[in-house]
S.K.: 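Structure incoming, see below.
The chains referred to below are lettered A, B, ... by the order of the sequence lines, with proteins before strands, and numbering in each begins at 1.
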Protein chains: 2
Amino acid sequence: MKNPDLTPQTRTDAGLAAVLRVAVGRLARRLRAQRPDASLSLGQGAVLFALARHGQMTPRALADHEKVQPPSMTRIITALEERGLVTRTPHPQDRRQQLVDLTEAGRTLVREDQHRREAWLARRLAELSPQEKAVLREAAEILDRLSQS
Amino acid sequence: MKNPDLTPQTRTDAGLAAVLRVAVGRLARRLRAQRPDASLSLGQGAVLFALARHGQMTPRALADHEKVQPPSMTRIITALEERGLVTRTPHPQDRRQQLVDLTEAGRTLVREDQHRREAWLARRLAELSPQEKAVLREAAEILDRLSQS
DNA sequence: GCCGTTTGTTAGCAAGGGTAATGAGTCGTG
DNA sequence: CACGACTCATTACCCTTGCTAACAAACGGC
């Protein structure tokens, strides 16, 4: 059934890279499609999540953190601000910069997300064995580091 | 430094889902940006990869496999055909269907990809320990299954 | 032979990313 | 102290890539 020439060589870095790329791409697509539309986009969710974790940040820092160009981050922040989930306040020292922070509503939404927004993925995760979940827990951390470097 | 309320609860399914979603989203973005532009889009690459693994497939099967709607797959296949990487041939039994298959050029490109297209990711992977790579290898398989279900 | 279903396509649309250009602010250096 | 270079955020514009809706062709049960 498999052509040995073309079988993914998951043993090599390149082969692992290929498999991983496909898997990540497919899951990202799937997650995007799963968005209940009443809720946030992937990028918006990630920003709220980052703010919840790290506290107030400048748009620049958020852009770097999310591996996105500044204009894209501007758009995300604008959308979040319009929905009353974050505020922009001027930076006390540097008037070029701004500080983005969660509003109470934003904070609440983040918490709700923990219970609702990841429902689809969480449902799938629930079907996994504890061992598999442990693998994913480790993998998430590694994948994050990969994106950073 | 951390507000306990907001600390990602990676121990719960929901928390893991949140972290995973962010990590996957970010890496997908990063991978997309890495595309040398002379090469394939993420979707195109995934299709070529699938064809290399499974042999000829119908557009429908490819769409299902990649978790994409049929029209999106049509566009991907059209693009690949225009570049001479795949052929469409009529299905011998069912004249509604077509069989998509790699051309020799496509096959070559897939192989090249193993050495070039994943270069960025492979470079990052090379910096990981064997244990970490083992985790990712397992994780890739699990993530794939998640997308399927 | 006909009607419902499936397959692939076309058309049109929206989300979300990117680059280029701009304006305001900061900071080092002459 | 003034000016030039750099940084931050934003605006304007474009392109990719996914989607849904609508459709024509072909299959298949009855």
S.K.: Could you give the CG-to-C1' distance, from A/Leu80 to C/dA15, as a whole number of Å?
M.R.: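 Going from A/Leu80 (CG) to C/dA15 (C1'), I get 15 Å.
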S.K.: Applying side-chain contact (heavy atoms from CB on, under 4.5 Å), name anything that partners A/Glu81, two or more places apart in sequence or on another chain.
M.R.: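 A/Val86, A/Arg88.
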S.K.: What residues in residues 65-75 of chain A put a non-hydrogen atom under 4.0 Å from any atom of DNA chain C?
M.R.: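 Contacts with DNA chain C under 4.0 Å: A/Val68, A/Gln69, A/Pro71, A/Ser72, A/Arg75.
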S.K.: Are the side chains of A/Arg95 and A/Pro90 in contact, using a 4.5 Å heavy-atom criterion?
M.R.: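 A side-chain contact under 4.5 Å is absent here.
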S.K.: Without decimals, in angstroms, what is the distance between A/Gln44 CD and C/dG16 P?
M.R.: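 Atom CD in A/Gln44 sits about 7 Å away from atom P in C/dG16.
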S.K.: Please answer whether the main-chain N or O of A/Thr74 pairs with a side-chain N or O of A/Thr78 as donor and acceptor at a distance below 3.5 Å.
M.R.: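 Yes.
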S.K.: Within the side chain of B/Gln97, is there an N or O that forms a donor-acceptor pair under 3.5 Å with the backbone of B/Asp94?
M.R.: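 Looks like no, no N/O pair under 3.5 Å.
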S.K.: Do the side-chain N or O atoms of B/Ser41 get closer than 4.0 angstrom to the phosphate oxygens (OP1, OP2) of D/dT17?
M.R.: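 Checking B/Ser41 against D/dT17: at least one side-chain N or O falls below 4.0 Å of OP1 or OP2.
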S.K.: What is the distance, to the nearest angstrom, from the CG atom on A/Leu40 to the P atom on C/dG16?
M.R.: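 In whole Å, C/dG16 P and A/Leu40 CG are 10 Å from each other.
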S.K.: Is any NZ, NE, NH1 or NH2 atom of the basic residue among B/Asp13 and A/Arg123 found under 4.0 Å from an Asp or Glu carboxylate oxygen of the other?
M.R.: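 Looking at B/Asp13 and A/Arg123, the cut-off is not met.
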S.K.: For the residue pair B/Leu40 and B/Leu109, establish whether any side-chain heavy-atom pair is separated by less than 4.5 Å.
M.R.: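 In short, these two side chains touch, coming nearer than 4.5 Å.
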S.K.: Mind calculating the distance between CG (B/Leu31) and P (C/dG18) to the nearest angstrom?
M.R.: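 B/Leu31 atom CG is separated from C/dG18 atom P by 13 Å.
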S.K.: Taking 4.0 Å as the cut-off, does a side-chain nitrogen or oxygen of B/Arg30 come that near to OP1 or OP2 on C/dG18?
M.R.: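 So the side-chain polar atoms of B/Arg30 never come under 4.0 Å of the phosphate oxygens OP1 or OP2 of C/dG18.
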S.K.: For the helix from C/dG1-D/dC30 to C/dG30-D/dC1, what is the angle between the axes at its two ends, each from 5 pairs, rounded to 10°?
M.R.: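 Axis angle across the helix from C/dG1-D/dC30 to C/dG30-D/dC1, nearest 10°: 20°.
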S.K.: In plain terms, say whether A/Arg137 and A/Glu141 are close enough for a salt bridge, that is, a side-chain N and a carboxylate O under 4.0 Å apart.
M.R.: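 So A/Arg137 does not pair with A/Glu141 through a salt bridge.
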S.K.: Got a donor-acceptor contact below 3.5 angstrom from the A/Thr108 side chain to the A/Glu104 backbone?
M.R.: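 Indeed, once roles are kept as given, a pair shorter than 3.5 Å links the two residues.
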S.K.: Could you give the CD-to-P distance, from A/Glu81 to D/dA9, as a whole number of Å?
M.R.: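 Spelled out: CD on A/Glu81 to P on D/dA9 is 13 Å.
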S.K.: Measuring from the side chain of A/Gln98 (C-beta onward, heavy atoms only), which nucleotide among C/dG8, D/dT10, C/dG17 has the closest atom?
M.R.: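 Side chain of A/Gln98 sits closest to D/dT10.
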S.K.: Just how far, in rounded Å, is P of C/dT6 from CD of B/Gln93?
M.R.: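 Value for this atom pair: 19 Å.
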S.K.: Is there a donor-acceptor contact under 3.5 Å from the side chain of B/Glu66 to the main chain of B/Ala63?
M.R.: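 Not a single qualifying donor-acceptor pair exists.
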S.K.: Does the side chain of A/Gln98 reach to within under 4.5 Å of the side chain of A/Thr89, using non-hydrogen atoms?
M.R.: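 No, every pair of side-chain atoms sits at 4.5 Å or beyond.
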S.K.: Heavy-atom nearest nucleotide on DNA chain D for A/Thr78 versus B/Ile76: which residue maps closer to 5'?
M.R.: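 Result of the comparison: A/Thr78.
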S.K.: Check the distance between C/dG16's C1' and A/Arg32's CZ and give it to me in whole angstrom.
M.R.: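 Distance, rounded to whole Å: 7 Å.
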S.K.: Report the residues that fulfil side-chain contact (heavy atoms from CB on, under 4.5 Å) with B/Ala17, sequence neighbours left out, ordered by chain and then residue number.
M.R.: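 Here the qualifying residues are A/Glu118, A/Leu121, A/Ala122, A/Leu125.
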S.K.: It should be established whether B/Arg95 places a side-chain nitrogen or oxygen under 4.0 Å from OP1 or OP2 of nucleotide D/dA25.
M.R.: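 The answer is no; no side-chain N or O of B/Arg95 sits under 4.0 Å from OP1 or OP2.
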S.K.: Can you list every ring-ring contact (aromatic ring centres under 6.0 Å, His included) pair that touches residues 64-93 of chain A, not counting sequence neighbours?
M.R.: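 Sorted result for residues 64-93 of chain A: A/His54-A/His65.
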S.K.: Nearest whole Å is fine: how far is D/dG28 C1' from B/His91 NE2?
M.R.: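 Checked: the NE2 to C1' distance equals 15 Å.
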S.K.: Give every pair of a protein N or O atom and an N or O atom of nucleotides 27-29 of chain C that lie under 3.5 Å apart, one pair per line with the distance.
M.R.:
none

